[in-house]
Amino acid sequence: MGVYGSDRGEGAGEFLADRQAEIEAAARALAAGGLVLLPTETVYGLGADASNPTAVAAIFEAKGRPRFNPLIAHVADVETAARIAVLDDRAMTLAKAFWPGPLTIVAPIREAAAVCDLARAGLDTVAIRVPGHPLSRAVLAAFGGPVVAPSANRSGRPSPTTFADAFGETGDKAAVALDGGPCEVGLESTVVAVLDGPPRLLRPGAVTRAQLEAVVGPLAEAENDARRSPGRLALHYAPDAPVRIDAAAPEAGEAFLAFGPWPDGERVFNLSPTGDLAEAAANLFSFLRAADRTKPVGIAVATIPGEGLGEAINDRLRRAAGYVG
Ligand code: TXA
Ligand code: MG
């Protein structure tokens with residue numbers, strides 16, 4: 001693993017010139033499917049190539065007791081963001097006002113392959129931001145594509161805001177760990193959804209509601225909206241077909257998500273023929289969607305072991321099956 005020091009000179013230009021080798025090492029590690037401990041101005045992130053579901057599964061695995069929450073795609077500039085997401089006039093106004101910086105915009109996905117289904121938890125929307133830290137932006141520019149990165153803490157622990165804290169959480173899982181010094185903001189980015197209707201604040205953060213409203217007008221009243229359209233804030237893809245878990249075999253008309261050796265069949269989608277949980281995690285949301293597209297009477301899912309990533313897979317499946325809200 002590459003661990004790099006924080007002796008970073010004076011100006012940003014000098015800072016980047018000094019650190020070109022580690023920026024390139026980080027970009028190479030991302031391209032190879034590895035994880036990178038990435039400083040941002042808000043908190044440290046644990047990043048992976050957003051288009052690579054196996055790399056994204058490794059993020060969830062590294063965090064321990066994982067939940068498959070949708071992740072933020074980090075990009076180098078507004079142009080890249082607009083290629084990946086549908087940024088309407090309001091989103092562009094917000095982007096121009098606050099990027100690079102601690103604002104995440106949730107918008108419809110445009111280029112679905114750039115941010116894989118697992119990274120979006122199967123949603124048709126994507127959370128995207130241009131971070132303000134020069135080191136992470138340099139890595140994003142060198143890599144070229146979007147990098148998804150949740151906060152680098154292990155599950156249930158506070159977000160790390162220093163290199164030492166971040167390294168202590170998940171540094172052992174990173175192919176490259178970049179020391180960007182202490183995070184200037186120290187609080188996660190503000191998340192605002194720019195979809196139908198007025199922009200909606202999903203997570204308060206460094207950019208305040210007042211700052212947002214000064215630029216884009218009144219935000220949606222979260223409470224009222226939730227009552228008017230229940231379920232709109234649900235953060236996971238829900239299949240149309242009912243889901244039946246712990247199934248030994250599909251019944252007539254059902255699609256089947258298999259796990260381990262299973263004969264091919266018309267509506268059979270094998271999450272991992274070899275019984276590999278990381279592979280199953282990487283395939284989960286895409287295969288739920290693919291199964292749903294066959295318009296089955298239901299989607300039966302084989303028993304998935306509960307250890308490691310199996311915990312998150314089972315959590316997601318129990319929700320899809322309606323056992324958990
Ligand atoms: O400051 C930050 O935002 C840090 C740094 C590393 O960028 N990242 C971060 O990521 O806090 P994470 O994974 O801990 O939080 C992502 C937030 C969650 O609240 C998630 O629900 C929301 O973004 N989110 C992601 N995709 C979404 C989507 N499509 N729709 C709604 N919310 C989404
Ligand atoms: Mg977090």
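Each ligand, and each atom within it, is numbered from 1 in the order the structure gives.
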Fill in: Protein heavy-atom partner closest to atom 10 (O) of ligand 1 - residue, atom, separation in Å
Pro150 CA, 3.6 Å

Item to complete: Quick one: look at Leu202 and ligand 1, take heavy-atom pairs under 4.0 Å, and tell me if it's side chain, backbone, both or neither.
Response: side chain

Worksheet item: Does Arg129 reach the main-chain N or O of Gly101 with its side chain, forming a donor-acceptor pair under 3.5 Å?
Response: yes

Worksheet item: In the protein, which heavy atom is nearest to atom 32 (N) of ligand 1, and how far is it?
Response: Leu235 CD2, 3.5 Å

Item to complete: Give the residue and atom name of whichever protein heavy atom lies nearest to atom 1 (O) of ligand 1, and the separation in Å to one decimal.
Response: Thr42 OG1, 2.6 Å

Discussion item. Going by the closest heavy atom to atom 28 (C) of ligand 1, which one wins out of Val147, Val106, Val43, Leu46?
Written reply: Val106

Worksheet, complete the sentence: The closest protein heavy-atom partner of atom 15 (O) of ligand 1 is Arg203 NH1, 3.2 Å

Practice prompt. For atom 8 (N) of ligand 1, grab the closest protein heavy atom and report residue, atom and distance to one decimal in Å.
Written response: Ala149 O, 3.7 Å

Worksheet item: Is it true that Arg120 and Glu111 have a side-chain N and a carboxylate O under 4.0 angstrom from each other?
Response: no

Worksheet item: Looking at Ala127, which atoms of ligand 1 are within less than 4.0 Å of one of its heavy atoms?
Response: 25 (C), 26 (N), 27 (C)

Discussion item. Starting from atom 7 (O) of ligand 1, what is the nearest protein heavy atom, named by residue and atom, and what distance separates them?
Written reply: His74 NE2, 2.6 Å

Discussion item. Donor-acceptor check, side chain of Arg267 to backbone of Thr294, threshold 3.5 angstrom: yes or no?
Written reply: yes

Worksheet item: So how far is it from Asp179 CG to Glu22 CD, rounded to the nearest 0.5 Å?
Response: 8.5 Å

Worksheet item: With a 4.0 Å cut-off on heavy atoms, is Ile72 touching ligand 1?
Response: yes

Discussion item. With a cut-off of 2.8 Å, does Ser151 put an N/O/S atom close enough to the Mg ion (ligand 2)?
Written reply: yes

Discussion item. Is there a polar contact, in the sense of an N or O pair closer than 3.5 Å, between Thr104 and ligand 1?
Written reply: no

Worksheet, complete the sentence: atom 22 (C) of ligand 1 has as its nearest protein heavy atom Pro70 O, 4.3 Å

Worksheet item: Counting distance only, does the side-chain N/O of Asn270 pair as donor-acceptor with the main-chain N or O of Gly260 below 3.5 Å?
Response: yes

Fill in: Numbering as shown, the atoms of ligand 1 that approach Ser151 to under 4.0 Å (heavy-atom distance)
9 (C), 10 (O), 14 (O)

Worksheet item: Does Asn314 reach the main-chain N or O of Ile304 with its side chain, forming a donor-acceptor pair under 3.5 Å?
Response: yes

Item to complete: Answer with yes or no whether the side chains of Thr42 and Ser189 bring together a donor and an acceptor at under 3.5 Å.
Response: no

Worksheet item: Got Thr303 and Phe259 here, is their nearest side-chain heavy-atom distance under 4.5 Å?
Response: no

Worksheet entry | N or O contact, Glu188 vs ligand 1, cut-off under 3.5 Å | no

Worksheet item: Tell me: protein heavy atom nearest atom 3 (O) of ligand 1, and distance?
Response: Ser189 OG, 2.5 Å

Item to complete: Taking the six-membered ring for Trp and the full ring for Phe, Tyr or His, determine whether the centres of Phe256 and Phe269 are under 6.0 Å apart.
Response: no

Worksheet item: Looking at Arg289 and Asp240, does any basic side-chain N land under 4.0 Å from a carboxylate oxygen?
Response: no

Worksheet, complete the sentence: Arg129 heavy atoms within 4.0 Å reach ligand 1 at atoms 1 (O), 5 (C), 7 (O)

Discussion item. Quick check against the 3.5 Å criterion: does Ser151 have a side-chain atom that pairs as donor or acceptor with the backbone of Ser159?
Written reply: no

